[in-house]
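For reference, the structure discussed in these notes is given below.
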Amino acid sequence: MGLNSFVWYRRARLTAGVLLLFAGLSGCASLVPQTMGLRATWPADVAVKAENTEVPFFAQKEYQCGPAALATTLVNAGAPVTPDELLKLVYLPGRQGSLQIEMLAAPRHYSIISYQLASSFDALLQEVAAGNPVIVLQDIGLGPFTDWHYAVVVGFDYPAGELYLRSGETRRLAIPFTIFEYTWKRSNYWAMVALPPGRIPASAGEADYLAAISAMESVGKPAAAVLAYSAFLLRWPGNVGASIGLANRHYALGALADAEAALQRAAEHHPESVPVLNNLAQVLSDIGRNKEALALVERAAQVEGSPFAGAVGETRALVLQRMGKNR
Amino acid sequence: MNTAFKKLICRFFAVALITLPFQTGQASMIGTDQVAAAAVAKGDRTLVLGYLSRSQTVSEFQALGLDAQEASARVAAMTDAEVGTLAGQINAVPAGGDGLVALILVVFFIWYFAFRR
């Protein structure tokens with residue numbers, strides 16, 4: 001081998017190396033698009049470093065990362081539960097794991113509101129920076145294998161390039177942003193928080209959070225729903241659905257005066273809302289103010305094409321019947 | 001009325017009691033969920049489909065090893081939309097279970113020293 005061919009060989013090797021590095025980098029960029037996005041724009045009003053060290057830890061038993069992750073967040077939210085108790089709510093023996101929808105549904109049994117985050121690093125970092133632990137679904141299988149795993153993100157340090165997780169049997173797992181995104185991406189960036197009523201998630205959207213409260217209402221305590229709707233209305237005062245929800249919970253608890261007050265406030269914002277008029281008429285009639293009730297329900301009946309015409313008709317009949325009796 | 005027919009009726013009510021969500025509260029107060037449902041123009045048809053997918057999901061849960069009571073308690077905490085997503089898909093959606101972090105070690109080493117954020 002002459003000197004020239006040796007130089008040629010060195011050059012070729014260098015070129016190949018540089019090309020491979022470029023290929024690698026561009027490949028990585030498409031593998032972890034959101035991490036790349038963070039380099040360009042860090043979410044506004046979010047610190048670059050945060051960690052909630054108070055979040056408890058429950059080491060998982062075989063296949064039971066779902067109950068462990070859920071217990072971590074529920075205990076943090078103030079519900080005294082253990083992973084073993086949660087088995088009956090979120091563990092499916094036939095699948096040896098827990099489904100995402102069940103993870104969302106289970107906290108409602110403890111009057112805790114679960115909220116699914118937007119599929120983005122921004123929403124995740126926003127919640128964690130606000131001190132809210134976030135449950136994430138990762139696929140930690142290699143290559144063609146899938147291996148779904150729930151973990152709880154409790155902190156991050158962007159300058160150091162790490163996120164901190166309560167995961168499996170590790171109390172504080174430090175994992176680079178890149179690796180984390182690679183495993184998280186396959187669940188379409190699925191993430192949720194579970195917070196006590198009155199504590200609104202940092203990234204909450206009006207309609208989605210209202211739906212989250214309403215979902216909790218079906219199995220949670222009425223008093224918890226009252227708290228949640230009240231906090232919601234402080235943030236979004238004009239929301240008619242929340243006013244109706246608040247009034248209905250007061251009504252279910254027998255607090256007719258509170259129910260009336262909530263509906264009167266709603267009627268100021270939405271004077272032509274059929275559900276508000278109908279429910280207010282019902283409450284006033286129960287208090288014995290049937291004349292006012294009749295006026296309201298007649299107004300509601302005049303709105304054409306309302307999907308609540310049936311309910312309005314029933315209320316009107318009831319008010320008329322009560323008036324007939326009192327005459 | 002013969003006994004077989006009575007039994008059938010009883011069974012129907014037992015199943016209905018377990019699977020169908022019942023409305024509490026008196027009179028005609030319209031609920032938040034109904035207001036939200038009306039906003040997306042849900043009709044009676046989706047309501048009926050909701051009931052069907054609830055009972056379907058309960059029986060699918062039972063097939064995966066839950067008893068009837070556990071299964072219906074779980075489904076009771078789900079919204080119609082959630083039950084709709086789950087019905088018939090229960091074996092296809094991800095079930096998070098294992099936590100063997102060792103499996104990602106290979107990827108970890110490739111990237112750990114390359115770049116972390």
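Labels below follow one simple rule: chain letters A, B, ... track the order of the sequence lines, proteins then strands, and each chain is numbered from 1.
In this structure, the portion of A:Leu104 lying under 4.5 Å from any heavy atom of chain B is its side chain and not its backbone. Residue contact with chain B, scored on non-hydrogen atoms closer than 4.5 Å, involves the backbone of A:Pro159 exclusively. For a residue to count as touching a neighbouring chain, one of its non-hydrogen atoms must lie under 4.5 Å from one of that chain's; by this rule A:Ser214 touches chain B with the side chain only. Heavy atoms closer than 4.5 Å to chain A are found nowhere in B:Asp67, neither backbone nor side chain. Looking at A:Ala160, only its backbone comes within 4.5 Å of chain B, counting heavy atoms on both sides. For A:Leu87, the part lying under 4.5 angstrom from a heavy atom of chain B is the backbone only. Contact of A:Leu210 with chain B is made through the side chain alone, with heavy-atom distances under 4.5 Å. Both the backbone and the side chain of A:Ala311 have a heavy atom closer than 4.5 Å to some heavy atom of chain B. With a 4.5 Å cut-off on non-hydrogen atoms, A:Asn279 touches chain B through its backbone and its side chain both. In this structure, the portions of A:Thr315 lying under 4.5 Å from any heavy atom of chain B include both its backbone and its side chain.
A side-chain donor-acceptor contact under 3.5 Å links A:Ser187 to the backbone of A:Leu137. A:Tyr150 contributes a side-chain N or O that, together with a main-chain N or O of A:Gln100, makes up a donor-acceptor pair within less than 3.5 Å. One N or O on the side chain of A:Ser98 and one on the backbone of A:Val90 form a donor-acceptor pair closer than 3.5 Å.
A tilted orientation is assigned to the rings of A:Phe180 and A:Phe121, their planes being inclined by 30° to 60°. Aromatic ring pairs are classed by plane angle as parallel below 30°, tilted from 30° to 60° and perpendicular above 60°; the pair A:Tyr158 and A:Trp42 is tilted.
Distance check: A:Ile140 CD1 to A:Thr183 OG1 gives 8.0 Å after rounding to the nearest 0.5 Å.
Interface check for chain B: of the options A:Pro275, A:Ala151, A:Ser273, A:Ser285, the most heavy-atom pairs under 4.5 Å are formed by A:Pro275. For the set A:His109, A:Glu181, A:Met103, the count of heavy-atom pairs under 4.5 angstrom toward chain B peaks at A:His109. With respect to chain B, the highest number of heavy-atom pairs below 4.5 Å among A:Ser306, A:Ala215, A:Gly94 belongs to A:Gly94. Note: A:Ile101 leads A:Val240, A:Ile101, A:Thr35 in heavy-atom pairs under 4.5 Å with chain B.
Scored by the side-chain hydrogen bond (donor to acceptor under 3.5 Å, both in side chains) test, A:Glu85 finds A:Thr82 as partners (sequence neighbours excluded).
Listed by first and then second residue, the salt bridge (Lys or Arg N to Asp or Glu O under 4.0 Å) pairs that reach into residues 87-110 of chain A are A:Glu102-B:Arg74, A:Arg108-B:Glu82, sequence neighbours excluded.
Between A:Lys185 and A:Asp139, none of the side-chain N atoms (NZ, or NE/NH1/NH2) sits under 4.0 Å from a carboxylate O, so this pair counts as no salt bridge.
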